[in-house]
Amino acid sequence: MDTLRSHNPAGAEDLTPITPSDWTAARASHLLERAGFGGTPSDIAELAAMTPQAAVEHLLLGAGTSDLQPFDASPIWDETLKDFPVSRPAATALAERTGWAMGVAVKPGGSRPLQPVTDRFFYWLRATVLETHRLANWWMDRMVRSNHPLQEKMALFWHGHFATSEEKLRDYRKIHLQLKTLHAGGLGSFRDLLTAIAKDPAMLVFLDAAQNVKGAPNENFGREVMELFTMGVGNYTEDDIREAARAFTGWGNDDLTFVIDPEKHDAGDKHFLGQVGPFDGDDILRIILDQKQTAIYIALKIYRFFVREEVSPAFAERLGALLRDGDYQITPFLRAIFLSQDFYAAPSVGTHIKSPTELIISTYRKLGLRALPGVPDAGSVGKVLGQVLLYPPTVAGWGEGRSWITPGLLFERGNFAQDVLFPDMISFRDPQLNPGAEVRRVNRNINAGMEITAATLEDGAAPSSSAGLRETFNTRYASLMGWQEAMRRVKPIPRSAADFSLSDMVRDAGATTTGDAVDVLTARFLQVALPDSVRTSLITSLNEQLGTENLADAQSYMEHPLRLIAHGIMSSPQYQLA
């Protein structure tokens, strides 16, 4: 930050719009990389042919998304799962007390009378995890397909900002509903989006709204709405947190619907951020949005996501004023940023480390794909690289920037590129069909004819002759039965590899030599140029692979060598930058 201020690179922290004479293909590429996920040379040329104002408007408004299909949910949920027990002990205790749980009756006789209830509990745990993976895969496919990539990128930003995870929610439907909210409102009013998320069933469950009642307020949401969602640490007191929690008492959800229970709401006066009154949750959000710090915090977080990390305090104030003066409207704020001299200044270009999701989606969009391949599995790649959509690690979401890169993660990013360029369809195993070693072991024992108790004991353990008779249920067997039922009902994820031709890309660009081919591929994939020594090494390698530097002599067999060269490019540190 000190370097930025002292050297003041041309255009840095200057919100003056660029002019048509400033507009170049390189700047169009930068805009598409940051306001979307990058694209093909033809995508960039289309933007470059516009004025900068028209190009920015094209990304803000999109070119239509009518070809996007809604999520095709599996038939796994029914009304009996509405009040899903918080734990397996809670499920079996309910069944023992009432004779039923989750629509399943306790057996009137025979062995393991609670087994059907336990099977049902594990069924939903497994089914909603598998369906959440499908939902994440659908979203990433939408990112690849969409003609409005900024809408997807903004939803990705808000997903990390208003972070909720299936791990606690255990209901893909609530996550799907929240995604709809982020897609619909992500480029609109932050004021409206904050209110919608505060009343969102996923957020209400994730931050324990049901435990926030008059006389015993739960401070989770009251704290996070200020610390993470609006103001940042240090801009409120512990008293403000307690008073905000009181204002949100009684807020909750009836399955997928927001409700307020007047009996649980504390209607007394609250002292919050210097104001006093019988505030409810909407009042608290209004008062928060009136704070100067809120606009600075949100503006700066959006700016850092789309532009760069290093910002002077004075410029942060200007960004906050820009957002606040626009009544928290996101689209005008982004329009000003994307048209500014600052956005195209040297410190802003080629300095953003791609998140795992950005890396995956930009790879496919740069290859010209219009659908997400099923091999490699995008969710598994994200897990290895450190970002699993719909499973943020904490309520604070994911870290950004350098947190995405270590030597080990750089190696794994290269492995992802290899899996795209050279998909191993023989060794690939669908992770959706992998229940884990323990379930496999029990399944193997059951298929071998073993009795349930013996089949589920730890290897080497000796069951007593009456152990199975004394069990009211068997948890490991229930886990097996739950997985089997879930995998029967959950729809499969299509598993095809990416279909593209680097040979066609090189030919279409007019390349005639190996040097041309390397230049075409590096221009297509990189925002930051490779060192001359690396370029020379790639050309030498391609010459060796082709046996010639003349592409015309290698037309019939150059695809595999070109993919080897592309792997080298996509494994480079420069490929991680946008």
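Position 1 is the first residue of the sequence; numbering continues from there.
- Side chains of Tyr391 and Glu166: a donor on one and an acceptor on the other come within 3.5 Å.
- For the residue pair Asn474 and Thr456, a side-chain donor N or O sits within less than 3.5 Å of a side-chain acceptor on the partner.
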One pair to check against salt bridge (charged side-chain N to carboxylate O under 4.0 Å, His left out): Arg126 and Asp119. What are the steps and the verdict? CA-CA 11 Å; Arg126 309 317 186 194; Asp119 294 350; over 6 Å; no
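- Between Trp124 and Tyr172, the angle of the ring planes lies from 30° to 60°, which puts this pair in the tilted group.
- Between the side chains of His352 and Glu33, not a single donor N or O lies within less than 3.5 Å of an accepting N or O.
- Taken from CH2 in Trp139 to CD in Glu152, the straight-line distance is 7.5 Å, to the nearest 0.5 Å.
- Here the CG atom belonging to Leu538 is positioned 11.0 Å from the CG atom belonging to Leu564, to the nearest 0.5 angstrom.
- Taking CZ of Arg365 as the reference point, atom CG of Asp43 lies at 7.0 Å (rounded to 0.5 Å).
- For Asn415 and Glu412, the side-chain atoms include at least one donor-acceptor pair closer than 3.5 Å.
- His159 NE2 to Ser165 OG: the interatomic distance, rounded to the nearest 0.5 Å, is 8.0 Å.
- Between the side chains of Asn443 and Gln484, at least one donor N or O sits under 3.5 Å from an acceptor N or O.
- In the model, Arg112 has no side-chain atom that pairs as donor or acceptor with a side-chain atom of Tyr477 under 3.5 Å.
- Aromatic ring pairs are classed by plane angle as parallel below 30°, tilted from 30° to 60° and perpendicular above 60°; the pair His161 and Trp158 is perpendicular.
- In summary, the side chains of Gln115 and Arg120 do not present any donor paired with an acceptor at a separation below 3.5 Å, with no hydrogens or angles considered.
- To the nearest 0.5 Å, atoms CD (Glu310) and OG (Ser348) are separated by 11.5 Å.
- Remark: side-chain polar atoms of His567 are paired, donor with acceptor, to backbone N or O of Gly414 under 3.5 angstrom.
- Arg507 and Gln555 share a donor-acceptor pair across their side chains, judged by distance under 3.5 Å alone.
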Yes or no on side chain to side chain donor-acceptor pair (under 3.5 Å) for Ser355 and Thr357, after CA distance, side-chain angles and deciding distance? CA-CA 5 Å; Ser355 70; Thr357 299; 4.8 Å; no
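- When ring centroids are compared, Phe343 and Phe306 stay outside the 6.0 Å threshold.
- Annotation: the span from Met558 atom CE to Arg563 atom CZ amounts to 12.0 Å, rounded to 0.5 Å.
- A distance-only check finds no donor-acceptor pair linking the side chain of Gln527 to the backbone of Gly350 [under 3.5 Å].
- Under 3.5 Å, the side chains of Thr118 and Arg88 contain no donor-acceptor pair of N or O atoms.
- Residue pairs meeting the salt bridge (Lys or Arg N to Asp or Glu O under 4.0 Å) criterion with at least one member in residues 430-443, sequence neighbours excluded: Asp430-Arg495, Glu438-Arg441, Glu438-Arg476, Arg441-Asp459.
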